[in-house]
2 protein chains.
Amino acid sequence: MVMSANRGDIEMTLDERKRQILQSIIRDYVETAEPVGSRAVVRKHDLKISAATVRNEMADLEEMGYLEQPHTSAGRIPSERGFRYYVDCMMENENLSEEQMEELRNAITKNVRDLDEVIANVAHFLSQITRYTSFIVVPSIHTSQFRYLQLLPLNPGEALLLLVTDLGLIMHRKIEIPKGVSHQDLENIGALFNNVFANRRLEELRRTDLQVIREELHQRRKIIDTALDAVDLLLQSSHDDRVVISGVLNMLNEPEFKDLDKLRRFLSLIEEENTIKNHLPQSSGESLNISIGQENPDDMKDMSVVMAGYKSFDELGTMGVIGPIRMEYWRAAGTVEAVRMLIKDILS
Amino acid sequence: MVMSANRGDIEMTLDERKRQILQSIIRDYVETAEPVGSRAVVRKHDLKISAATVRNEMADLEEMGYLEQPHTSAGRIPSERGFRYYVDCMMENENLSEEQMEELRNAITKNVRDLDEVIANVAHFLSQITRYTSFIVVPSIHTSQFRYLQLLPLNPGEALLLLVTDLGLIMHRKIEIPKGVSHQDLENIGALFNNVFANRRLEELRRTDLQVIREELHQRRKIIDTALDAVDLLLQSSHDDRVVISGVLNMLNEPEFKDLDKLRRFLSLIEEENTIKNHLPQSSGESLNISIGQENPDDMKDMSVVMAGYKSFDELGTMGVIGPIRMEYWRAAGTVEAVRMLIKDILS
DNA sequence: TGTTAGCACTCATGACCATCGAGTGCTAAC
DNA sequence: GTTAGCACTCGATGGTCATGAGTGCTAACA
């Protein structure tokens with residue numbers, strides 16, 4: 001079931017008719033982005049009650065805080081609290097069709113070259129199916145294990161430092177080598193590293209081992225130092241989580257982004273892909289998490305986020321979609337959940 | 001001097017006063033995005049003639065096609081032809097300030113980890129200084145030379161195929177290895193590749209050599225085939241030029257993009273970074289090139305592009321900025337030119 | 001007691017219109 | 001050739017009004 005953020009303890013007791021009316025209003029409003037009137041509710045959903053009755057119920061729902069009226073004599077729109085109630089107590093995730101599942105499986109498993117491509121594929125899938133903007137936060141690779149370090153001579157005075165992990169991830173950096181260091185030296189140094197580091201986690205590397213090596217080898221001081229510094233830099237640069245974003249353009253179809261200012265704020269939020277993860281709501285473990293409007297951190301209070309965590313080699317990543325508050329939560333939740341499950345299956 | 005695209009052979013003969021008026025209108029219009037009236041011209045630029053005179057001249061300029069009138073009783077705006085004349089015959093590039101030059105030099109040379117970072121820095125610099133959207137097309141690396149191929153065992157049944165070029169660029173791919181292939185085998189195979197490929201250009205690799213190796217080695221057929229296929233795939237995937245884009249957000253400040261449709265078209269143009277290079281005007285060698293409105297390929301006919309080629313290891317890349325037709329060409333041209341020169345200096 | 005029909009009321013929206021003013025083109029005088 | 005003057009154009013602005021969707025309330029009804 002859906003994890004509720006559950007701010008402002010929501011009354012769970014709505015009679016069936018109120019629930020039905022709330023649902024109708026939410027579905028209509030999400031579809032049209034216009035306030036929904038009492039007549040529209042009875043007409044569209046073939047309710048066996050009159051518009052006047054619906055009006056009474058709507059007044060009640062407004063009183064309870066689930067609906068809002070932009071102005072007298074307009075229809076009602078769901079409040080954020082209304083969406084929250086719907087999401088927590090009424091919604092059923094919309095399942096992907098068989099073709100969509102197939103598409104998803106292909107995106108993850110078929111003909112992919114490397115991890116980066118899988119991630120890009122999944123992000124694209126998410127944004128394409130939900131028609132919102134998707135994001136994937138890829139945890140940094142601290143916990144992957146060291147496999148090789150190699151120093152390959154490139155050109156005179158230059159060598160390539162290669163660091164390979166058990167996942168086949170590679171970090172590399174060009175370094176300068178002082179004169180008088182032979183190819184054999186480079187190989188020896190590589191071997192030394194490999195001995196000391198074998199099967200260690202990357203995050204452990206940074207602590208003391210570098211120092212150990214430094215002390216262990218006094219001759220060839222200069223080149224070793226260079227190599228060590230380079231390794232240190234590599235590890236540093238791999239420290240940040242990566243963020244992949246897809247489907248920004250989808251937002252332009254949402255009427256809420258007709259407002260240029262709102263659009264600009266959204267785009268600057270995601271322009272630097274790395275900053276966005278500071279603005280995302282806290283993820284809670286691997287479960288599905290829906291964060292609506294004001295429930296979000298500062299710069300996203302006029303949007304909603306449907307996201308889930310996933311475990312990748314012991315690190316927790318997140319992925320999900322960002323859309324307007326007037327979001328098709330059922331579809332977004334269904335899609336994110338499907339992706340989460342599939343990833344979980346595959347990684348275990 | 002600026003290369004002229006020179007469609008529609010432009011009359012070079014405008015008397016000094018007309019030139020001055022045209023210039024005033026262009027500067028004002030670029031700044032305000034509003035039609036410029038005769039009064040505004042004399043006032044703003046302290047001309048020693050009356051508004052009525054300016055009106056006469058403006059009527060002439062309109063007749064010649066350098067100005068347009070959105071409607072009677074509005075001021076004039078420069079036509080694309082007007083901009084073209086200005087760019088070809090009147091404009092002087094605006095030079096970067098000393099601080100900006102310093103910033104540029106830092107972006108390219110200081111504390112950069114690798115080529116990717118330099119490119120990102122330059123793109124960022126371009127968009128930041130010009131306040132338009134910048135792009136850099138990085139040519140594929142066909143002509144770089146083969147240095148190493150290595151097969152590193154990762155986990156049982158898995159190995160990492162590494163391809164290193166003289167520039168320290170790396171391509172890698174995880175491959176499966178059949179049972180019964182030892183580490184020593186992998187090393188031998190790597191050595192074989194290295195012998196055959198040593199110091200060859202990557203683009204040559206794809207032709208016949210793969211076949212040669214295949215024939216040369218009948219034992220260990222399976223693993224070799226896998227490796228060869230992987231190499232082939234790697235080369236294929238490095239076939240496309242990379243495109244880096246920066247400063248998309250700047251466009252939102254341009255009033256021409258208040259129009260949501262125009263904005264959407266622009267964003268979809270650059271959403272997939274790789275598609276944009278099909279829409280860019282043809283670059284002509286390494287010189288500065290300005291392409292205005294209709295002079296552009298289909299999807300960019302309501303924008304302008306200021307770009308230059310640059311040579312990187314014998315391959316031609318391009319970089320530049322995209323902006324509205326109402327562009328500060330002098331600033332864009334100055335900035336792109338400065339970057340071009342600096343890159344040229346550094347690469348030689 | 002819950003439901004419904006009826007009706008007066010509200011308010012956003014869009015059409016219509018008068019006004020205003022920036023800017024032009026033209027003419028006649030300098 | 002230049003300029004002052006003037007009538008004219010046309011978009012922008014703002015006010016008025018009719019329209020219609022939608023409400024809340026009241027009274028009648030089951």
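Protein chains get the first letters and strands the later ones, always in sequence-line order, with residue 1 at the start of each. Hydrogens, waters and symmetry mates are skipped; everything else that's a heavy atom, side chains included, is used.
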Rounded to the nearest angstrom, tell me the gap between atom [atom1] in [X] and atom [atom2] in [N].
X     : N      : atom1 : atom2 : answer
A/I21 : C/dT3  : CD1   : C1'   : 12 Å
A/I25 : D/dT23 : CD1   : P     : 9 Å
B/E34 : D/dG11 : CD    : P     : 15 Å
A/D15 : C/dG2  : CG    : C1'   : 12 Å
B/R39 : C/dG25 : CZ    : C1'   : 17 Å
A/H71 : D/dG22 : NE2   : P     : 10 Å
B/I77 : C/dG23 : CD1   : C1'   : 15 Å
B/D60 : D/dG1  : CG    : C1'   : 13 Å

Between [options], which nucleotide gets closest to the side-chain atoms of [X]?
X     : options               : answer
A/A52 : D/dT3, D/dT23, C/dT4  : C/dT4
A/T53 : C/dG6, C/dT4, C/dC26  : C/dT4
B/R17 : C/dT4, C/dT3, D/dT2   : D/dT2
B/R55 : D/dG11, C/dT4, D/dC6  : D/dC6
B/S38 : D/dA4, C/dA5, C/dT24  : C/dT24
B/Q69 : C/dG25, D/dC10, D/dT3 : C/dG25
B/S50 : D/dT3, C/dT24, C/dG6  : D/dT3

Check the side chains of B/R331 and B/T130 for a donor-acceptor pair under 3.5 angstrom, ignoring hydrogens and angles.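 Result is no, nothing qualifies.
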Test item: [X] and [Y] side chains (from C-beta on) under 4.5 Å apart, heavy atoms:
X      : Y      : answer
A/E256 : A/D302 : no
B/I322 : B/Y132 : no
B/E62  : B/Q69  : yes

Any strand: nucleotide that pairs with [N] via Watson-Crick or wobble, under 3.5 Å:
N      : result
C/dG14 : D/dC17
C/dA29 : D/dT2
C/dT1  : D/dA30

D/dT9 base / B/S73 side chain donor-acceptor hit below 3.5 Å: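 Result: at least one qualifying N/O pair found.
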Return no unless some side-chain N or O of B/R76 is found under 4.0 Å from OP1 or OP2 of C/dT24.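 Yes, within the criterion.
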Less than 6.0 angstrom separating the ring centers of A/Y86 and A/Y329, yes or no?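 Ring centres of A/Y329 and A/Y86 not closer than 6.0 Å.
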Mapping A/T72 and B/K48 onto DNA chain D by nearest heavy atom, which one lands closer to the 5' end?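 Residue closer to the 5' terminus by nearest nucleotide: B/K48.
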Is the CZ atom of B/R39 crowded by more than 12 outside heavy atoms at less than 6.0 Å?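 No - once you tally the heavy atoms of other residues, nucleotides and ligands closer than 6.0 Å, there are 12 at most.
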